[in-house]
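See below for the structure under consideration.
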Amino acid sequence: MSDTHVQTSTSLPPEPEKATMEGRNKFLGFWLFLGAETVLFASLFGTYLGLRNSTNGGPTTQELFSLPMVFVATVILLVSSLTSVLAIQAMHRNNMKGLQFWFGVTVLLGFSFLGLEIYEFVEYVHHGHTFTSSAFGSAFYTLVGFHGGHVLFGVLWILVLQLQGIKKGLTVVTAPKYYVASLYWHFVDLVWVFIFTVVYLMGKVG
Amino acid sequence: MKKGNLWRLLFLVSTLALVLTGCGDPELSALDPKGTGADMQLDLIMLSLYIMLGVMAVVIVIFTYVLIRYRQRPGDNHIPKQVEGNTKLEIIWTVIPIILLIILAVPTVYQTFVLAEDAAETTEDPVEIKVTAHQYWWEVEYPEYEIVTAQDIYIPAGERVHIELTSVDVIHSFWVPALGGKMDANPGLVNEMWLEAKQPGTYKGKCAELCGASHAKMDFKVVALERDQFEKWVADMKEPAPEPTTVSAQEGKQLFENNCMACHATDAGQKSLGPNLNGIADRKTIAGFMDNDKENLEKWITDPAARDVKPGSSGPKGMPAFHDKLTEEEISKVAEYLQTLTIE
Amino acid sequence: MSTHVSHAHKKKNILWDYLTTVDHKKIAILYLFAGTLFLLIGGIEAILMRLQLMVPENDLFVGTTFNQLLTMHGTTMIFFAAMPLVFALMNAAIPLQIGARDVAFPFLNSLGFWLFFFGATLTNISWFTSGGAPEIGWTAYAPLALPEYTGTGSDYYVLGLQLSGAGTLIGGINFLVTIINMRAPGMTFMRMPLFTWTSFVISALILFAFPPLTVGLFLMMFDRLFGANFFDVTMGGNVIIWEHLFWIFGHPEVYILILPAFGVFSEVIPTFSKKRLFGYHSMVFATTLIAFLSFMVWVHHMFTVGLGPVANSIFAVATTAIAVPTGIKVFNWLFTMWGGRIQFTTANMWALGFIPSFVMGGVTGVMLALPPADFQFHDSYFVVAHFHYVILGGVVFGLFAGLYYWWPKMFGTLLNEKLGKLHFWLMFIGFHMAFLPQHWLGLMGMPRRVYTYLEGQQLDTWNYVSTIGALIMGVATIVFAINIVMTFVKGEKAPADPWDGRTLEWSIPSPPPEYNFKQTPLVKGIDAFWIEKMQGNKEMTPAEPLGDIHMPSPSILPFIMSLGFFIASFGFIYHVLPVIIIGMGIGLGSMLARSLKDDLGYHIHTDELQEKGV
Amino acid sequence: MLARLQLFGFNELWNPILIVITVVLAIAYLVITGPMRHRFTDAGPVPIYKKVLFLFGLLLFYITLGPLNLIGHLMFSAHMTKQALLYLVMPPFIFLGSPEWFYKPFLKVEPLKKVVRVLTHPFASVAFFNVLFSLYHLPIVLDFIMTNYALYNLYHDILLISAFMMWWPFFCPIPELNRVSELKKLALIFANSVLLTPACALIIFAGEPMYATYTDPVVWSQALSLCLPFSSTLDVSGFGGPQLFALFPPLQDQQLGGVIMKIMQEIVNGTVLGIIFFQWIRSERARENKLASDNRMVISPATGQNEV
Ligand code: HEA
Ligand code: HEA
Ligand code: CUA
Ligand SMILES: [Cu+2]
């Protein structure tokens, strides 16, 4: 188990995130965790689909949703996915500056997404569509809110890693963390694509 | 080895004991079916039971043999041959269970569909009954006859009746073991089923889904009558109850109107918050489970949620206790009045 | 940064040691003791219930009180007794069986335990609150579990399960990664001991089955605490959603419990028959097949909900299909013994007692799976009889078999065999006596979850017999407790390989050193240690030269983190914002601390290893 | 109902053009695996059982796209049967039935190989198929697609291709391209089953008929006329509505459809699970034997360890 020694040298292996046993474990463990998250969101989607027409006399999906705004949010998130890819590519080039920069952009985009979402929710509340107004309301805010919570956690997490990076630099210990955080971010974006399709697009059409 | 024998002994003894004690209460037991549904269900249960006993027998025989034959004997220290497996054997014990399961599957699927049929499949113009479950009582409505009653469900024998089940609060489950298996009463949803008693009689029903403190006492009855008797019952139900004759009963009526009418209707067609009390004097039981006598009526009115009555039943939608609102005497009068509410 | 963080090996007090440990062997002991504690609590609840049901119209525990007992009995037994005991065995055995020095995530392992422990404690604390314990059955069906009908007990149920569920999920991921990544050289998947295999499969089941429960609990929590309307019919909610979510979790859950027990039997029976497992490959395949099918059958708990004949039929057929792989296993065990030399040790007695008992419960399961028949069985004592047969005759017997089998490895002492056999026989007799009559009770019209039954329904005799059986099981448990105490007081020291074992764990000392294997072993086939022994070797062939061993440092953070969430739960239950903030602050704060501070661990050096001379 | 199918002509029901296509494909296969085999490098003989598998796959291809396609527009359950057979059953047969050497020349072409590699990325392809499939069964999507000729064909072609992509990692005919470990394959099968469950569950447990295509006469006849082979001139507008052909009431038909999908998928996945598993055992055995002969780690016969 000698490969678990901490390396501090500047020459990183080509895939630093998988260089140590810990790194590989973290990598696999995180994938499995995402598997569990997938089932979690699947259950939430199922619940939402079961309840989306139970508006209890409140506004329906067609009346509520404004696609342009959601579309902007979608673009923001997709771009942030791209920037996190750029960050990891920078990491693979052992370019700490690039890594920090692109993660910085990712975080900014994440925050603006959250801003939009909050704005959107406030709008809905004005239309009488609240968490407690109907089963549809509960299901909607739970599903979209869960995703929002994930975005929030994601940006905070990346932020913490960035701060840590300033002190610790890029090592075989920190590399897996960056990698895993970017995986998480992709996952969160992917979930949004589904929300966009299932909740908003379908809500608008049918 | 000892274990195997012991197990068999236990099994034998208990089977024997079961035979000796009979199959339970004939008004209640699923082992003594009195309805076409329960008949079918018992047939399937018995078929599966025989198959399962066969499976058990095979396992026990091999088990016992192995334990006797291959137990370690003193001084024996040989190392047995390390066998990896045996494809032929493994195929056998894969295929035989599959065959057994197919044998089971055919009648199962068939019966599942029969039990889900509309009552109209075999009975022309079946009696329609709407059963609504409440914590902890059953409301019964006959829309075509405009009758509302509770606890006792009257049906014509020898015909399928159509039952619609729902609930106004939590989930309950409607079970009349002797007539046929159960169906849930879900709030916000309506379930349909049919029930058919082969012969007239009274059959005990139970609530089978945990629904709160007095789930255990949410009993009801299904009373099957010959068709003409049933029609007479319908007619009688619609007759207004006779005026009470004794003075105390008349006072009781007054008290009832002042205290109870908010929740209890007494004319056949009317729904009320609590059970409709038309014909309460002829009910098989009070509140579903107590013998129908004056003493129990008083006990009920005094405190329905008492420990030995229906704990937890005095909730927001339940019946309040009257021991602090009415005197014992008054309660007695009310009970007397209630006993005049017959339908004959 | 120095790689020479020197040996953090100072003697500390035992309590602190266990609070901070990340060693899987110690975590196993923690799980074992916590699980046993809750087993006792659940058992006492069971016995109280049986006392109430001993005679008709008894009034010992009436109405709500009885409902609390049955809810807490079911919940405690399934989530807080059986699950942790399974995890205890997994922690104790898996790393040793695959030749690993540790699990993949020692820190998370400890976190998993503490989350479970605080969750279980939380739920049990409800007994002492004014709202009382939950009274909604372990299935917590809505709307009975909504605030309209039940008090804070239901909140304790929801939050307690949420916490311990998170712990279980973490544990599952840990074992998956451990088994995939940490196997010794030569330990291919097709050479893994069956206990490891079944644990691997159930870890995957945990991964897929717990999230639906998590979601269900969240929905329930939102309905209860924040006025959401998922299950509120008047606001458009739907009560069936909870049932689906619960059983999509609940059915795999029962296999999560039984498969490790199957694994234990697949270790114990070959060891004490002196024969390799018959049909190893079909055993593994049957395990995966059971797991695969377990996700497609949840509706068999909902046959009476009114989903229609099409859905009912199909789920019925899918359910009965599980009998096939299970049958394969049963016959493989029988044929493992065939031609062997069967030793009647206590561990093996449990395994032998299991076979007829479990098959009995299994076949009644198949009977339940037929919808028309289930219309009679459902929610009657027949179901209670079924699942106690599979759970006690399968899971509990498996846990005891595993415990008597691995106890010497875990503690370095041997449990007394005489008392062990007494424990077994009392349990076996009491168990059949308690639950066999319940089959008749169900068919004779006794619904489950009733606090009493009326006289004159011919239910009296069998209820009485059943209660006597439960009491005998209680006596059995006392015998077991005496055995444990006696063993701790003056236990017989156990050799490294007391049973002439076949797998790697028996090749190292009892109890193993903290690093398990001085040198990682080289595995040459199924039953690796047996192969070596047959070749005349006393030890495993090492796969690496002697070298420094890296160990993770202990940490108090998992404890504190879980404590934080535990505190926050009270805030949620009683709507006290500051408490929520403090609790979540502690929890998230320690998460942050963990993220910021890298654990470098410490090294055990070659000279030290040689000194110990193991 | 079967009698009512006579309302359709031979042309509509049996789709002769498709017969021709199928027969041509079958002949091509037989020729390639038979007389033309030697044009391929390393082309070993193809055992009979493989040929049978392939031809059976082709038969499924015809049945599903021919008669079942038509009936599938009349009844939802038939539609689901068609989909299950076409996407879940047929591709494995085609893969199992085609010899390894058949693919090699194509994959020598570097760009093609790249495309295949990307398209058949194991997790992505499984996810892609299931998402596409689930989306299709959302009522609005289905009703929309069923009444739009071009879209209908496009979507189905993509689905079919994605089904092949999804199955590729499991049955990859070429060892060098087989980059998925058996354990991962097992995981993939699990994921596959889980991913399709929500769609099936929503269909099975829906309380009312969801698809206008199978309930609304106007949409129904519109959809029906689109699915007829393009050689057909039959006018279906006079047929009335779906009730004409229905064997079951719409709700049961819909439930049955969901159930058929689920059960077929379970059977297929269960079988594939078995196939993978036994492949795994075989490959481990082979490796073990190789190791044993390489390292001379011969296991003593006295222990009987490796008795087979
Ligand atoms: C460890 C736990 C465990 C296990 C292993 C099982 C195993 C099985 N269970 Fe059980 N079950 C529970 C725990 C378990 N169950 C619990 C806790 C509940 C109640 C939950 C609640 O409501 O509170 C329950 C309820 C339950 C129900 C719902 C009843 C109802 O509420 O109406 C059903 C219905 O299908 C069912 C079926 C089965 C089947 C078919 C198996 C099969 O896996 C059994 C397979 C085994 C065999 C069949 C024996 C060996 C096989 C052979 C020897 C081969 C030959 C056999 C044949 C051909 C038959 N179970
Ligand atoms: C792992 C699971 C498990 C286990 C082991 C058990 C064990 C037992 N169970 Fe239970 N049971 C369930 C899981 C389990 N149960 C579930 C899930 C339910 C459904 C709940 C619901 O409906 O929601 C249920 C329901 C249930 C009921 C039905 C309640 C009802 O529907 O009304 C009954 C009734 O007889 C019962 C009895 C018993 C008995 C007698 C035991 C015996 O085996 C217990 C044996 C006793 C002990 C093991 C400990 C004894 C301890 C002592 C004597 C004290 C000694 C003290 C010291 C040494 C300090 N259980
Ligand atoms: Cu109503 Cu139980
Ligand atoms: Cu189940």
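A distance-only check finds a donor-acceptor pair linking the side chain of B:K182 to the backbone of C:H378 [under 3.5 Å]. Here the side chain of B:D25 pairs no donor or acceptor atom with the backbone of C:M444 at under 3.5 angstrom. Using modelled atom types, no side-chain atom of B:D308 and backbone atom of C:D59 make a donor-acceptor pair closer than 3.5 Å. Of the possible polar contacts, one joining the B:H215 side chain to the C:R448 backbone as a donor-acceptor pair under 3.5 Å is found. In this structure, C:E135 contributes its side chain and B:G212 its backbone to no donor-acceptor pair below 3.5 Å.
Rounding to the nearest 0.5 Å gives a distance of 9.5 Å between OG1 of C:T364 and CE of B:M56. Note that the CD1 atom of B:I79 and the CH2 atom of C:W530 stand 4.5 Å from one another [nearest 0.5 Å]. Distance check, rounded to the nearest 0.5 Å: CD of B:Q135 to CG of C:L144 gives 7.0 Å. Annotation: the span from B:L44 atom CG to C:M367 atom CE amounts to 8.5 Å, rounded to 0.5 Å. Once rounded to the nearest 0.5 Å, the distance linking CE of B:M193 with CZ of C:F375 reads 8.5 Å. For the atom pair C:I342 CD1 and B:Q72 CD, the distance stands at 10.0 Å (nearest 0.5 Å).
With a 4.5 angstrom heavy-atom cutoff, C:V310 touches chain B via backbone and side-chain atoms both. There is no contact between B:L165 and chain C, counting heavy-atom distances below 4.5 Å. Interface remark: C:Y141 contributes side-chain atoms only to the contact with chain B (heavy atom separation under 4.5 Å). C:I136 touches chain B through its backbone: at least one of N, CA, C or O sits under 4.5 Å from a heavy atom, while the side chain does not.
With contacts defined as side-chain heavy-atom distances shorter than 4.5 Å, the pair C:L352/B:F63 qualifies. Looking at heavy atoms from C-beta onward, B:L31 lies out of side-chain contact with C:W440 at the 4.5 angstrom threshold. By the 4.5 Å heavy-atom criterion applied to side chains, B:V83 and C:K275 are counted as neighbours. Counting heavy atoms from C-beta on, the side chains of C:M446 and B:L28 never come closer than 4.5 Å. The side-chain heavy atoms of C:P371 and B:T108, taken from C-beta on, include a pair separated by under 4.5 Å.
Contacts classified as salt bridge (Lys or Arg N to Asp or Glu O under 4.0 Å) and involving residues 37-52 of chain B (residues at least two apart or in different chains) are given here: B:D39-B:K198.
No other option in C:Y280, C:Y149, C:F303 has as many heavy-atom pairs under 4.5 Å with chain B as C:Y149. Ranked by non-hydrogen atom pairs under 4.5 Å with chain B, the options C:G362, C:A373, C:G279 are led by C:G279. Contact tally against chain B (heavy-atom pairs below 4.5 Å) for C:L443, C:V450, C:V233: the top residue is C:L443. With chain B as partner, the option from C:R341, C:H439, C:Q68 having the largest number of non-hydrogen pairs under 4.5 angstrom is C:R341. No other option in C:M337, C:E148, C:H281 has as many heavy-atom pairs under 4.5 Å with chain B as C:M337.
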Return a table of donor-acceptor pairs under 3.5 angstrom between the side chains of residues 320-334 of chain C and protein atoms on other chains or two or more places apart.
| residue | atom | partner | partner atom | Å |
| --- | --- | --- | --- | --- |
| C:T320 | OG1 | C:A316 | O | 3.4 |
| C:T320 | OG1 | C:V317 | O | 2.9 |
| C:T326 | OG1 | C:I322 | O | 2.7 |
| C:K329 | NZ | C:T287 | OG1 | 3.0 |
| C:N332 | ND2 | C:S282 | OG | 3.1 |
| C:N332 | ND2 | C:I328 | O | 3.3 |
| C:W333 | NE1 | C:S266 | OG | 3.1 |

